[in-house]
Chemist: 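After the structure tokens below, expect a handful of questions from me.
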Amino acid sequence: MPQFANQNDILARYIYFSRFIKTSNRTVRYAAFLPSSIDNKTSVFKITGLSENDIWDIANTHVTPMQNNTLKGRADIGSEDVISQGLDLIPDEHPDRHLNITGWSNDKSKNQLIAQELVKKAILYLVP
Amino acid sequence: MSALAISNFAIGFSKHSGVGLASEHEQLEKLRKEILEEIQKSESIGRNIISEETLSELKQVYRDCSIDNWDGYGANPITENTYLEAESIIEMLNETFLNFPMPEIVPEPGGEIAFEWNDDYGQTFVFSIDDNKTITYAGIFGQNKVHGTERLRGFLPRTIIYNLMRLYP
């Protein structure tokens with residue numbers, strides 16, 4: 001059953017590329033939020049109300065098995081912060097709690113700007 | 001302190017003072033120029049060391065991101081052309097001799113290489129290059145935001161220099 005996001009939800013963007021994380025000040029780089037060149041979407045999971053263990057379990061179960069790299073961390077962001085940038089949150093049928101950030105521009109420079117705005121609101125959590 | 005600022009006040013005499021006998025003034029002026037040349041040489045050496053570090057970082061990014069799906073979400077590989085364009089951009093940045101630091105290198109999922117600057121006040125400026133010589137840029141300067149595209153034609157576009165000077169006036 002697809003899970004829609006309301007304006008108070010928290011979303012997690014799981015990060016598998018170490019250079020998207022700035023260890024000097026524990027922040028995430030804007031490029032972590034840029035859409036995939038395959039489908040122009042950014043994959044996230046709704047994590048509202050979950051424990052830290054459950055949040056990491058989502059990645060371990062549904063995302064990491066399909067990756068060549070190990071999980072490095074995640075960037076949490078509010079669904080309201082995403083929508084305020086003119087983007088959409090579209091739920092998936094599977095896996096549970098999965099959504100895609102869509103509505104990115106055809107103008108790459110606009111997307112760079114949006115991604116910079118998103119990381120200002122994002123909170124980085126490193127893998128424990 | 002920049003060489004320019006120091007040059008006006010070398011050894012405590014303004015170069016425009018005209019104080020002292022003509023021969024003494026000439027000696028002081030000669031000494032001032034020698035000091036200025038030494039300072040400029042050391043600044044140039046320092047900057048070259050930093051740009052070498054940036055070039056080394058760029059090479060590592062290229063190595064890490066020249067494969068498919070390097071980010072785990074289907075990212076395009078960085079091509080050799082893009083890497084070479086980025087290398088030339090770093091050389092251009094090094095040659096401007098303007099007072100801003102070397103950037104951080106950021107790969108983008110579309111296969112572009114980006115150059116990122118952030119200051120201590122939350123301002124940020126990024127521009128990226130692809131293998132078609134297209135520069136894409138975006139910046140946040142307080143309440144002011146900017147974004148657009150330019151072509152790379154053998155030199156850094158004025159728009160890029162202007163926005164960097166907004167960060168590092």
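To find a chain, count down the sequence lines: A is the first, B the second, and so on, and within it residues start at 1. Note that these values count all heavy atoms, side chains included, but never hydrogens, waters or copies made by symmetry.
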Chemist: Is it possible for you to say whether B:Ile113 and B:Ile90 belong to one hydrophobic cluster, with membership spreading through side-chain heavy-atom contacts below 4.5 Å?
Modeler: yes
Chemist: In terms of hydrophobic clusters joined by side-chain contacts under 4.5 Å, are A:Ile10 and A:Leu118 together?
Modeler: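 Result: no, two separate clusters.
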Chemist: Could you state whether A:Phe33 and A:Tyr125 fall into the same hydrophobic cluster, counting links through intermediate Ile, Leu, Val, Met, Phe, Trp or Tyr residues with side-chain heavy atoms under 4.5 angstrom apart?
Modeler: no
Chemist: Do other residues, nucleotides or ligands put more than 12 heavy atoms under 6.0 Å from A:Lys22 NZ?
Modeler: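 Yes, NZ of A:Lys22 has more than 12 neighbouring heavy atoms, counting only those of other groups under 6.0 Å.
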Chemist: Identify the residues of residues 73-89 of chain A whose heavy atoms come closer than 4.5 Å to a heavy atom of chain B, ordered by number, or report 'none'.
Modeler: none
Chemist: Looking at every non-hydrogen atom in both residues, tell me the closest pair between B:Gly139 and A:Leu113 and how far apart they are.
Modeler: O-CD1, 3.6 Å
Chemist: Determine whether A:Arg13 and B:Tyr73 satisfy the following criterion, side chain to side chain contact (heavy atoms under 4.5 Å, CB included), listing intermediate values before the conclusion.
Modeler: CA-CA 11 Å; A:Arg13 171 68 166 171; B:Tyr73 292 103; 3.5 Å; yes
Chemist: Tell me the residues of residues 35-44 of chain A whose non-hydrogen atoms fall below 4.5 Å from those of chain B, in number order.
Modeler: A:Pro35, A:Ser36, A:Ser37, A:Ile38, A:Ser43
Chemist: Which residues from residues 64-72 of chain A are near chain B, with near meaning under 4.5 Å between non-hydrogen atoms?
Modeler: A:Gln67, A:Asn68, A:Asn69
Chemist: Linking I/L/V/M/F/W/Y whenever any side-chain heavy atoms sit under 4.5 Å apart, do A:Val63 and A:Leu99 land together?
Modeler: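 Hydrophobic grouping puts A:Val63 apart from A:Leu99.
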Chemist: Checking B:Val61 against chain A: side chain, backbone, both or neither under 4.5 Å from a heavy atom?
Modeler: both
Chemist: So B:Cys65 and A:Phe17, do their side chains get closer than 4.5 Å, heavy atoms only?
Modeler: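 Result yes, sub-4.5 Å side-chain heavy-atom pair found.
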Chemist: Pick whichever of B:Val126, B:Asn118, B:Thr149 has the most heavy-atom pairs under 4.5 Å with chain A.
Modeler: B:Val126
Chemist: Taking CG in A:Asn106 as the centre, count heavy atoms belonging to other residues, nucleotides or ligands within less than 6.0 Å. Is the count above 12?
Modeler: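 Atom CG in A:Asn106 is not packed in, count stays at 12 or less.
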Chemist: In the structure I gave you, are the side-chain heavy atoms of B:Val106 and A:Arg19 within less than 4.5 Å of one another anywhere?
Modeler: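 SC-SC contact between B:Val106 and A:Arg19 ruled out.
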Chemist: Any link between B:Leu152 and B:Leu93 through a network of hydrophobic side chains (Ile, Leu, Val, Met, Phe, Trp, Tyr) touching at under 4.5 Å?
Modeler: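 Yes, same cluster.
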Chemist: Does any heavy atom of chain A fall under 4.5 Å from the side chain of B:Glu150, the backbone, both, or neither of them?
Modeler: neither
Chemist: Whether the B:Ser128 and A:Gln112 side chains hold a donor-acceptor pair (N or O, under 3.5 Å, no angle test) is what I'd like checked.
Modeler: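 Present: a donor and an acceptor within the cut-off.
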Chemist: Does a side-chain heavy-atom distance below 4.5 Å link A:Tyr16 with B:Asn69?
Modeler: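 No, their side chains stay 4.5 Å or more apart.
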Chemist: Please classify the contact between A:Tyr30 and chain B as side chain, backbone, both or neither, with a heavy-atom cut-off of under 4.5 Å.
Modeler: side chain
Chemist: Apply salt bridge (charged side-chain N to carboxylate O under 4.0 Å, His left out) to B:Glu108 and A:Lys108, showing your working.
Modeler: CA-CA 11 Å; B:Glu108 290 187 349; A:Lys108 285 185 180 178; over 6 Å; no
Chemist: When you measure from the side chain of A:Lys120 to the backbone of B:Gly122, do you find a donor-acceptor pair of N or O atoms at a distance under 3.5 Å?
Modeler: yes
Chemist: Does a sphere of radius 6.0 Å around CZ in B:Arg153 hold more than 12 heavy atoms from other residues, nucleotides or ligands, not counting ones at 6.0 Å or beyond?
Modeler: no
Chemist: Identify the heavy atoms of B:Pro107 and A:Ala31 that sit nearest to each other, and give their distance.
Modeler: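 Shortest heavy-atom separation between B:Pro107 and A:Ala31 comes out as O-CB, 3.6 Å.
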Chemist: Using a 4.5 Å cut-off on heavy atoms from C-beta on, say whether the side chain of A:Asn111 contacts that of B:His147.
Modeler: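 Side chain of B:His147 against side chain of A:Asn111, heavy atoms only: no contact under 4.5 Å found.
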Chemist: With a strict 4.5 Å heavy-atom criterion, list every residue of residues 51-60 of chain A that contacts chain B, or say none.
Modeler: none
Chemist: Within a 6.0 Å radius of atom CD on B:Gln60, are there more than 12 heavy atoms belonging to other residues, nucleotides or ligands?
Modeler: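 Buried by this count: over 12 neighbours within 6.0 Å.
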Chemist: Which distance, rounded to the nearest 0.5 Å, do you find between the OG1 of B:Thr136 and the CG of A:Asp107?
Modeler: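 Answer for the OG1-CG pair, B:Thr136 versus A:Asp107, is 8.0 Å.
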Chemist: Kindly indicate, with the supporting measurements, whether the criterion side chain to side chain contact (heavy atoms under 4.5 Å, CB included) is fulfilled by B:Lys145 and A:Glu117.
Modeler: CA-CA 10 Å; B:Lys145 294 160 195 181; A:Glu117 297 275 27; 2.6 Å; yes
